[in-house]
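First the structure, in the form of structure tokens, and then the observations on it.
Note: hydrogens, waters and symmetry copies are ignored here, and every other heavy atom, side chains too, is used. Indexing begins at 1, ligand by ligand and atom by atom, following the structure's order.
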Amino acid sequence: MCGIVGYVGERSSIEVLLGGLRRLEYRGYDSAGVAIVTPGNGLVSHKRSGKLGILSDDLGHNPLAEGHTGIAHTRWATHGGPTDENAHPHLGDGGKLALIHNGIIENFHELKQELLAEGEEFLSQTDSEVAALMVGRSYREHGNLTKAMQEVVSRLEGAFTLLVVHQDQPGVVVGARRNSPLVVGLGEGENFLGSDVAAFVAYTKKAMALGQDQIVTLRSTEVSVITFDGEPVEAAPFDIDWDASAADKGGWSSFMAKEISEEPEAVANTLRGRLGDDGLVALPELDALIGDGSAINRIIFVACGTASYASMVGLYAIEKWSGIPVGVELSHEFRYREPAIDEHTLVVSVSQSGETMDTLMAVRYAAERGAKTLSICNTQGATIPRESGAALYTHAGPEVAVASTKAFLAQVVACYLLGMYLGQARGLLSTKESAALADDLHKLPGQLEEMVKTGPRIQELARWMADTRSVLYLGRHVGYPIALEGALKLKELAYIHAEGFAAGELKHGPIALIEPGQIVFVIVPSPRDPMSLHSKVVSNIQEIRARGARVIALAEQGDAAVLPFADEVIPIPLTSTFMEPLLAVVPLHIFGMELAGAKGLDIDQPRNLAKSVTVE
Ligand code: M6R
């Protein structure tokens, strides 16, 4: 969950490293630190608990000596609290070596006992310091940093990305990875390392992902990769299609505000080149894996958090259009129940980061049991798409705010494309239905622009509700996952109790929560909805209103049936059943952000969270 940056080149490394950390801070923000190999002052380092700004301020007042080789880290604490001592880098070889770590070294306790018995002293409570001391000892023995890393990783268990520098090796950074991400940025006379490409996209658009159990030795003009067993590896570079400015806040008050404003574009980019006006879907990246779809008799989605809600929306569409039974499972539950899967099962992982450890493990579990694996992912070069049988990239652009917004919409759209692709391959989705869906999907970006404009009204509502202690969300069919998504946003951003329910479940228990003043958001299906769910949800609204609830309805423009029973109606442009959730979610994203803002909370970096959960 931590962010890692490494640099070797001509530039002042502190600038590159702090810039990289700023772009990766969403990965963890308990503490931060840097280490630089300088020409005259050996290894210099500084680290501080708290957000990156504290470290930057310190370095502004007391700059470190200049150097052109360095590493930097922003932390999400696992072992040991967020203190200065536990911040990274950790030192080895008597302070001549610095190491940063992302992940968890599961056997650190026994290794620590060994090191203590041999007289080593520990300055922190972290598992990471064990690795720093071990690499230091090994380097002392044979004076080769790559070999020292190779020797140490063979003794570590768990998940780790490690970067090391040594003052006797100016111009060299060595990295290793197992189950945690590490990407190489390839420059001209300079090279970079990062937990993801955001760390260095300002300097180069060429990257190379490091594979599982590999070690990279980085110099300004050379990058060499070997396996943990010492075998040389030829890794293929790829082009980064993110714009450098996309990972900057621009003039926006928060990344989240910027990313909500980009929701229409995220949808347009995910559709681009994949859906003709006639409704025919072209996804050549899936052809080899899926063929005509006849070999697939079951689809299981694995995902966490917001990505699991996008999968739930996808479930309704894909099952309807393709006729294949679809299930959605939380990644961390999936492999522990020993699911019955085989080569006819398509396991679809959905992940913005492509690094969520639980989802990665679910994908590996599925692949080991012979299932076909497909990754819906937003991040090029990430581990999950690379380890999957095929990848369907969403093109939402970098998402920096911890709360996922535009990636959610892009994920739903990718699920719809998959559903149409399967429906067409299996001959179940007619030309007429496909063309109608294409028409609706192509209209979405424009309609989403309208939804983004609800911002000022939602801001007023949020200010009015700043003292609210509980908010409920109700939805039905594809509106149900939207209720869950709205509630998750409020929990993680505004730290208040929020729950989403399937509206049909109300009378089976949740209605007992309704008391005078309880705020309830209701996602109302269109009155034109062929399943006639509209009248049922309007009845639910009357039931909760009768018990004193204050109802905020997200309802189709001109839906007169809702008006008498709602305290507030947020209008949704006319569209079809499957497009409505994409439109309804926008005000809920805005509401979560604005309520956090009204409470004076940190919108982009909510407490205790990190953007990408790379430990189990
Ligand atoms: O990177 P992923 O899409 O795999 O992340 C999954 C969840 O951790 C993520 O959606 C999380 O729930 C967000 N903080 C929600 O806003």
Side-chain angles (χ1 to χ4, degrees), residues 1 3 24 26-29 76 179-181 195-198 254-256 259-260 263 266 270 301-314 328-334 348-363 375-388 391-394 396-412 414-415 473 481-482 484-495 498 500 585-586 588-593 595-596 601-616:
M1 331 242 304
L24 292 186
Y26 61 84
R27 300 181 73 93
Y29 31 86
W76 187 88
N179 293 334
S180 279
S195 300
D196 66 51
V197 298
S254 63
F255 275 109
M256 187 174 177
E259 287 158 11
I260 291 173
E263 288 184 334
T270 301
F301 277 90
V302 288
C304 299
T306 283
S308 74
Y309 305 144
S311 309
M312 284 172 73
V313 179
V328 176
E329 304 219 17
L330 293 168
S331 311
H332 34 88
E333 291 296 318
F334 174 67
V348 184
S349 63
V350 181
S351 173
Q352 189 285 131
S353 62
E355 299 292 350
T356 298
M357 180 61 82
D358 291 312
T359 305
L360 173 61
M361 290 304 171
V363 171
S375 154
I376 293 181
C377 183
N378 193 42
T379 312
Q380 283 175 295
T383 309
I384 296 174
R386 284 193 301 111
E387 291 200 14
S388 298
L392 175 56
Y393 282 102
T394 51
E399 194 180 66
V400 176
V402 165
S404 189
T405 53
K406 62 177 179 172
F408 171 82
L409 282 98
Q411 286 161 351
V412 173
C415 289
Y473 295 77
I482 299 305
L484 298 174
E485 165 67 358
L488 176 63
K489 286 288 137 358
L490 210 59
K491 280 182 246 195
E492 68 179 334
L493 289 158
Y495 317 151
V585 81
V586 179
L588 300 184
H589 283 164
I590 299 174
F591 181 68
M593 174 180 75
L595 198 60
L601 300 172
D602 188 330
I603 289 169
D604 287 334
Q605 296 176 348
R607 70 183 178 202
N608 304 338
L609 293 173
K611 177 79 180 157
S612 113
V613 182
T614 54
V615 293
E616 281 188 84

Mind listing the closest non-hydrogen atom pair of [X] and [Y] along with its distance?
| X | Y | result |
| --- | --- | --- |
| G500 | L484 | O-CD2, 3.5 Å |
| A310 | C415 | O-SG, 4.2 Å |
| M312 | P481 | CB-CG, 3.6 Å |
| L588 | Y473 | CD2-CE2, 3.8 Å |
| K406 | E399 | N-OE2, 3.3 Å |

Show me which atoms of ligand 1 lie under 4.0 Å from any heavy atom of [X].
| X | result |
| --- | --- |
| A307 | 3 (O), 10 (O) |
| A403 | 16 (O) |
| G305 | 12 (O) |
| S404 | 15 (C), 16 (O) |

Quiz item: Are side-chain heavy atoms of V348 and I376 found at a separation under 4.5 Å?
Solution: yes
Quiz item: Do L360 and E355 have side-chain heavy atoms sitting under 4.5 Å apart?
Solution: no
Considering non-hydrogen atoms of the protein only, which is the closest contact for [atom], and what is the distance?
| atom | answer |
| --- | --- |
| atom 9 (C) of ligand 1 | T306 N, 4.1 Å |
| atom 7 (C) of ligand 1 | C304 O, 3.6 Å |
| atom 3 (O) of ligand 1 | Q352 N, 2.6 Å |
| atom 8 (O) of ligand 1 | V613 CG2, 4.2 Å |
| atom 1 (O) of ligand 1 | S353 OG, 2.7 Å |
| atom 14 (N) of ligand 1 | E492 OE1, 2.9 Å |

Self-check item: Derivation of the side chain to side chain contact (heavy atoms under 4.5 Å, CB included) call for E485 and V412
Solution: CA-CA 12 Å; E485 165 67 358; V412 173; over 6 Å; no
Quiz item: For T306, which of Q352, E492, K489, Q411 qualifies under side-chain hydrogen bond (donor to acceptor under 3.5 Å, both in side chains)?
Solution: K489
For ligand 1 and [X], I'd like to know whether there is a polar contact (N/O to N/O, distance under 3.5 Å).
| X | value |
| --- | --- |
| V402 | yes |
| S351 | yes |
| T356 | yes |

Quiz item: What part of K489, side chain, backbone, both or neither, has a heavy atom within less than 4.0 angstrom of ligand 1?
Solution: side chain
